[in-house]
**Student:** 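Let me give you the structure first, and then I'll get to my questions.
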2 protein chains.
Amino acid sequence: MRNLSHNIEQYILNRLDGEEENFVSLRRKDLAEMFECVPSQINYVLRSRFSPEQGYIIESRRGEHGYIKIVKISCVTPEEKVEHTSDLIGKSISLHEASRLLEYLEDRELITQRERLLIEIALRHSSRIWEDETNNRREEMFADLLKRMLKGLMLIKDEKKTRRERIISL
Amino acid sequence: MRNLSHNIEQYILNRLDGEEENFVSLRRKDLAEMFECVPSQINYVLRSRFSPEQGYIIESRRGEHGYIKIVKISCVTPEEKVEHTSDLIGKSISLHEASRLLEYLEDRELITQRERLLIEIALRHSSRIWEDETNNRREEMFADLLKRMLKGLMLIKDEKKTRRERIISL
DNA sequence: CTGCCATTGATTATAGCTGACCTAGAAAAT
DNA sequence: ATTTTCTAGGTCAGCTATAATCAATGGCAG
């Protein structure tokens with residue numbers, strides 16, 4: 001009972017592992033039946049364990065022949081140095097510092113020019129939106145947003161680790 | 001077997017692929033018979049999968065010797081792409097609609113998976129930050145952020161600067 | 001005790017599909 | 001030339017099967 005969500009998570013991860021592709025298609029209703037729970041439980045699991053921040057994108061359709069597609073973003077980026085990106089960012093970061101970090105990551109080819117652009121735009125946007133806030137508050141938010149975005153991208157490299165853990169845990 | 005609409009869509013796409021030209025001519029009635037469904041089902045498929053937004057134009061004629069012609073539009077300049085996506089987004093957009101749009105852009109290879117992930121994270125972030133706002137206000141902000149990010153991507157020059165050049169330009 | 005995570009079910013939203021009715025155009029009848 | 005008829009295709013409301021959301025509750029760790 002206590003590990004319903006965990007079991008469902010494991011099931012989905014296994015399915016993902018088994019697939020040739022980097023995604024699985026499920027039917028919420030079937031899954032709910034398989035685990036003998038209410039359908040909305042599946043949404044909970046997806047929300048709490050397969051978010052974009054965690055490297056997944058969910059697509060779905062309702063109605064007849066509806067489905068839920070869980071896509072694992074898995075471009076193979078080598079290089080491990082970003083393990084400490086979070087540390088580099090810290091609790092707060094200025095726009096200027098953020099730019100320098102992105103420049104560095106692009107040089108290391110951990111992100112592309114286009115990805116850097118996206119992140120800069122997102123940061124500027126929240127900067128504008130929060131221009132009335134204190135400087136410190138804003139820089140905390142920059143740090144939060146930046147971490148989420150970079151972690152999302154870097155999570156890809158954790159794939160092998162996660163897989164090993166999963167196999168051991170079987 | 002997945003579903004009727006999907007099968008019909010695939011059939012049309014195959015026909016398009018097979019043709020020398022960038023269009024196919026069909027007869028609604030024949031298709032309906034082939035897939036054993038009511039004729040209006042064909043209209044549904046065309047409406048939901050071959051709209052102008054998705055890069056297609058439909059021409060048709062009624063009466064004897066009626067037909068439906070599906071034309072695939074291909075060449076689009078970056079500027080047109082920008083215009084187009086801006087229109088698609090509109091003044092406000094829900095998270096769900098945004099997701100669908102990103103799905104579509106990825107299918108058309110206008111953005112990569114990683115870029116899509118970044119945008120989803122940015123949207124969710126501002127969603128969380130602004131959860132106290134009215135729904136409409138939030139959806140306006142989603143639209144604004146989404147437009148900025150997509151415009152940025154569509155306009156970016158694909159100049160393949162080498163790492164050396166980048167470093168020199170610092 | 002308190003806060004967070006898990007679970008549930010009621011309510012709402014939407015894709016897919018059908019069928020009844022509508023319209024355009026060509027050919028046949030006058 | 002005009003009217004009639006016939007053969008397509010078009011529209012739309014509405015039903016069904018799903019999925020999403022949300023608010024309420026339970027239960028465990030700190």
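Reminder, nothing fancy here: chain letters follow the sequence lines and each chain counts from 1.
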**Student:** Considering non-hydrogen atoms only, spot the tightest contact between B/Arg124 and A/Pro52 and give its length.
**Tutor:**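 Heavy atoms only, the tightest pair is CD-CG, 3.4 Å.
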
**Student:** Check the distance between C/dT7's P and A/Glu9's CD and give it to me in whole angstrom.
**Tutor:**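 After rounding, the reported distance stands at 12 Å.
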
**Student:** Please tell me if A/Arg49 has a side-chain N or O lying less than 4.0 Å from either OP1 or OP2 of C/dA6.
**Tutor:**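 Yes, A/Arg49 has a side-chain N/O under 4.0 Å of OP1/OP2 on C/dA6.
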
**Student:** Over how many whole Å does the gap from A/Phe50 atom CZ to D/dA20 atom P extend?
**Tutor:**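 It works out to 14 Å between those atoms.
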
**Student:** Side chains of A/Glu106 and A/Thr112: is there a donor and an acceptor less than 3.5 Å apart?
**Tutor:**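 A/Thr112 and A/Glu106 do not have a side-chain donor-acceptor pair below 3.5 Å.
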
**Student:** Along nucleotides 1-11 of chain D, 5' to 3', which nucleotides get a B, which get an S, and which get a -, given that the test is a protein heavy-atom distance under 4.0 Å?
**Tutor:** ------BBBBB

**Student:** Distance only, no hydrogens: is a donor on one side chain within 3.5 Å (strictly under) of an acceptor on the other, for A/Glu59 and B/Ser99?
**Tutor:**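 Side-chain D/A pair, A/Glu59 to B/Ser99: absent.
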
**Student:** Is there a path from B/Leu31 to B/Tyr67 through hydrophobic residues (I, L, V, M, F, W, Y) whose side chains come within less than 4.5 Å of each other?
**Tutor:**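 No, it is not one cluster - the side chains of B/Leu31 and B/Tyr67 are not joined through contacts under 4.5 Å.
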
**Student:** Can you tell me the distance, in whole Å, between the CG atom of A/Asn3 and the P atom of D/dC28?
**Tutor:**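 One finds 12 Å between P of D/dC28 and CG of A/Asn3, rounded.
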
**Student:** What pairs meet the salt bridge (Lys or Arg N to Asp or Glu O under 4.0 Å) rule with one or both residues in residues 139-148 of chain B, with sequence neighbours excluded?
**Tutor:**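 Matches after skipping sequence neighbours: B/Lys91-B/Glu140, B/Asp144-B/Arg148.
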
**Student:** For B/Arg47 and D/dA13, give me the distance from atom CZ to atom P, rounded to whole Å.
**Tutor:**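 Rounded to whole Å, this separation is 11 Å.
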
**Student:** Looking only at side chains, do B/Arg108 and B/Tyr104 share a donor and an acceptor under 3.5 Å apart?
**Tutor:**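 There is such a pair between these side chains.
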
**Student:** Hey, does the side chain of B/Tyr44 come within less than 4.0 Å of C/dG16's phosphate (OP1/OP2), counting only N and O?
**Tutor:**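 For B/Tyr44, the contact criterion (side-chain N or O under 4.0 Å from OP1 or OP2 of C/dG16) is met.
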
**Student:** Picking from C/dC17, C/dC5, C/dG16, which would you name as closest to the side chain of B/Gln41?
**Tutor:**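 Selected nucleotide: C/dC17.
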
**Student:** For the pair made of CZ in B/Arg100 and P in D/dA20, what is the distance, rounded to whole Å?
**Tutor:**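 In whole Å, D/dA20 P and B/Arg100 CZ are 11 Å from each other.
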
**Student:** Tell me: CG of A/Asn7 to C1' of C/dA6, nearest whole Å?
**Tutor:**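 These atoms are roughly 13 Å apart.
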
**Student:** When the distance from CD1 of A/Ile42 to P of C/dA6 is rounded to whole Å, what number comes out?
**Tutor:**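 Whole-Å distance recorded here is 13 Å.
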
